[in-house]
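Okay, structure first, notes after.
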There are 2 protein chains.
Amino acid sequence: MGRRSDHTREELRALFISEGHAHLAQVGLAKFSGREVAKRVGYSVGTISNLFGSVDGLIVAINSRSFEVWAQILRDRLESADGDRIAALVDGYFAFAQQSPELWSAIYAHRLPEGLDLPDEDKARRAGLTQIVEDEIRAVLPAGTDADLVRLARSLVAVVHGHCSFVVSGSFALLEEPDPQGAALARVRESLAAHGYRAEDFRSDSGLGDSENRRSL
Amino acid sequence: MGRRSDHTREELRALFISEGHAHLAQVGLAKFSGREVAKRVGYSVGTISNLFGSVDGLIVAINSRSFEVWAQILRDRLESADGDRIAALVDGYFAFAQQSPELWSAIYAHRLPEGLDLPDEDKARRAGLTQIVEDEIRAVLPAGTDADLVRLARSLVAVVHGHCSFVVSGSFALLEEPDPQGAALARVRESLAAHGYRAEDFRSDSGLGDSENRRSL
DNA sequence: ACCGATTACTGAACGGTGTTCAATATATTT
DNA sequence: AAATATATTGAACACCGTTCAGTAATCGGT
């Protein structure tokens with residue numbers, strides 16, 4: 001077979017990303033197969049190299065797509081949140097990781113080979129997630145330099161990320177923790193409090209992690 | 001060639017782990033090759049399956065070895081620490097990750113296939129690291145239930161882990177953070193303070209992360 | 001309407017991977 | 001010394017990602 005042109009290049013990329021996303025969610029990064037994805041899409045092996053440069057390139061694109069799905073989950077949780085928007089953020093962070101553990105861990109397990117780094121387009125696609133958090137943190141802390149606020153927001157993302165990572169990877173470190181998400185939230189609240197969190201309404205909280213918080217404050 | 005028996009089974013395992021450790025540090029998990037390790041050790045392909053069940057089994061053993069190296073680094077830092085033992089812990093955590101990024105990320109990037117989970121022996125080998133942290137946290141907080149203390153200690157490990165993960169993965173999230181380790185330490189101190197940290201001497205601290213801390217307390 | 005030139009896609013070939021398991025050569029036991 | 005048990009091999013297999021000459025559809029010019 002030769003030229004087909006039943007899809008534009010962009011449509012074809014979208015097809016591979018979509019099918020690849022599903023495949024990655026099923027089998028995980030270790031067993032991910034570009035050949036398999038090509039077969040499912042109905043195109044030949046070489047097409048991946050044409051479109052994405054390499055299988056690594058395809059995985060990068062798939063992971064960027066994951067970030068978009070993830071960000072949308074955060075927005076949904078914020079939308080349907082009661083007053084406690086910080087809890088909603090933590091909840092959204094965990095939600096994606098736990099409902100799609102293979103997709104989530106692929107994001108952090110995948111390291112692109114020496115030399116090339118993330119295309120700018122992918123950086124932009126992924127920035128949305130942290131942006132959401134930054135905006136929420138800004139709304140809840142006393143005004144300071146924006147640079148400091150951005151740094152704190154990302155540091156708090158790291159706090160939640162660490163807990164999430166231990167849960168998904170099944171690290172023994174959190175095996176005995178009945179409520180890792182609660183613990184993450186508690187740590188976030190402790191740091192926010194240290195930075196002058198405007199307490200509004202603290203009413204609804206749950207989980208043992210928060211009891212730590214309550215006990216000591 | 002047939003039977004050789006120039007090493008006991010345990011010696012042979014140690015050989016593969018040692019050589020595999022070096023190989024993993026060089027090329028990273030994605031390019032890790034069991035065949036290559038076997039060649040270096042001077043044994044044939046099949047030997048890995050005999051000794052470790054599979055290449056995944058070998059990687060598990062290598063990663064457990066990494067935990068031991070890592071724990072030793074923590075102990076060294078504690079030994080040569082000035083008064084600030086918490087900073088020493090954070091420093092040790094980052095030190096291993098940054099001096100052996102491939103080994104560190106292999107620990108968390110490797111997910112063992114559906115079905116089998118970590119052998120008890122490996123769990124024990126890996127527990128040493130968190131044990132060190134637990135002991136230090138216990139020494140520095142007012143006495144409470146030991147269960148709560150263990151959970152808090154591990155949660156704090158997760159806090160540091162998250163920052164470390166973002167650094168090693170080169171995640172854009174911390175690109176604008178000049179001192180991620182300082183940020184991790186600041187978050188840990190904020191949580192410790194919330195739980196009644198006995199402040200002893202706070203004298204020597206450094207880094208922007210800590211300035212956040214100082215400003216807000 | 002035709003015909004190069006261009007483009008999109010193919011898929012066999014290649015070198016690599018992990019796993020299996022009959023064959024084999026050394027140890028150990030009888 | 002013979003028989004048995006054990007440790008190790010390595011060819012065979014089925015997969016993987018990358019390459020690239022080849023081919024067929026489309027396009028631009030006449």
Side-chain angles (χ1 to χ4, degrees), chain A residues 1-17 19-21 23-24 26-63 102 106 109-116, chain B residues 1-17 19-21 23-24 26-63 102 106 109-116:
Chain A
M1 221 193 308
R3 179 170 182 161
R4 289 210 243 153
S5 306
D6 34 28
H7 295 103
T8 70
R9 189 177 172 87
E10 273 317 306
E11 283 173 343
L12 207 42
R13 279 179 59 97
L15 263 174
F16 271 87
I17 292 172
E19 210 63 54
H21 209 246
H23 177 56
L24 183 60
Q26 278 179 15
V27 305
L29 186 59
K31 302 228 156 107
F32 182 88
S33 159
R35 288 183 110 101
E36 176 64 23
V37 174
K39 196 186 297 175
R40 294 200 194 184
V41 177
Y43 275 71
S44 75
V45 246
T47 308
I48 291 177
S49 301
N50 293 343
L51 292 174
F52 301 94
S54 66
V55 169
D56 276 306
L58 171 56
I59 292 172
V60 164
I62 291 171
N63 283 342
E102 296 295 357
H110 184 245
R111 298 172 52 100
L112 51 179
E114 196 97 33
L116 33 328
Chain B
M1 221 191 306
R3 180 169 180 162
R4 288 212 240 153
S5 306
D6 35 27
H7 296 103
T8 70
R9 189 176 173 87
E10 273 318 305
E11 282 173 343
L12 207 42
R13 278 179 61 97
L15 263 174
F16 271 87
I17 292 172
E19 209 64 52
H21 208 246
H23 178 57
L24 182 61
Q26 278 180 15
V27 304
L29 186 59
K31 303 228 155 110
F32 182 88
S33 160
R35 287 183 111 99
E36 176 64 24
V37 175
K39 195 186 298 177
R40 293 199 196 183
V41 176
Y43 275 71
S44 77
V45 244
T47 309
I48 291 176
S49 300
N50 293 344
L51 292 174
F52 301 93
S54 67
V55 169
D56 275 306
L58 170 57
I59 293 173
V60 165
I62 291 172
N63 283 343
E102 296 295 358
H110 184 245
R111 297 172 51 97
L112 50 178
E114 195 98 32
L116 30 332

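The structure presented is a predicted model; accordingly, all values stated were derived computationally and were not measured. Numbered from 1 within each chain, the chains take letters A, B, ... in sequence-line order.
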Rounded to the nearest 0.5 Å, what's the gap from [atom1] on [X] to [atom2] on [Y]? Could you check?
X       : Y       : atom1 : atom2 : value
B:Ser44 : B:Asn50 : OG    : CG    : 7.5 Å
A:Glu19 : A:Lys39 : CD    : NZ    : 12.5 Å
B:His23 : B:Lys31 : NE2   : NZ    : 11.0 Å

Sub-4.5 Å side-chain heavy-atom contact between A:Val37 and A:Phe32: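 Result yes, sub-4.5 Å side-chain heavy-atom pair found.
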Contact check, side chains of B:Leu51 and B:Arg9, non-hydrogen atoms, under 4.5 Å: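 With C-beta onward as the side chain, the pair touches.
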Which part of the nucleic acid, if any, lies within reach of [X] when heavy atoms closer than 4.0 Å are counted: base, sugar-phosphate only, or nothing?
X       : result
B:Leu51 : nothing
B:Ser49 : base
A:Val45 : base

Roughly, in whole Å, what's the span from [atom1] in [X] to [atom2] in [N]?
X       : N      : atom1 : atom2 : result
A:Ile59 : D:dC16 : CD1   : C1'   : 12 Å
A:Asp56 : D:dC16 : CG    : P     : 15 Å
B:Asn50 : C:dT20 : CG    : P     : 11 Å
A:Glu36 : D:dC16 : CD    : C1'   : 12 Å
B:Asp6  : C:dA25 : CG    : C1'   : 13 Å
A:Arg35 : C:dC14 : CZ    : P     : 14 Å
B:Ile48 : C:dT17 : CD1   : P     : 11 Å
B:Tyr43 : C:dG18 : OH    : C1'   : 21 Å

Identified side-chain contact (heavy atoms from CB on, under 4.5 Å) partner of B:Leu58 from the options B:Asp56, B:Val60, B:Ile62: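 Single pass found, and it is B:Ile62.
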Any donor-acceptor pair under 3.5 Å from A:Arg35 side chain to A:Val45 backbone: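 Such a contact is absent between A:Arg35 side chain and A:Val45 backbone.
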Presence of B:Thr47 side-chain N/O under 4.0 Å of D:dA7 phosphate oxygens OP1/OP2: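 Checking D:dA7 against B:Thr47, no side-chain N or O comes under 4.0 Å of OP1 or OP2.
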Side-chain N,O (A:Ser5) to OP1/OP2 (C:dC9) below 4.0 Å: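 No.
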Sub-4.0 Å heavy-atom contacts from residues 27-34 of chain A onto DNA chain D, ordered by number: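 Hits under 4.0 Å, by residue number: A:Phe32, A:Ser33, A:Gly34.
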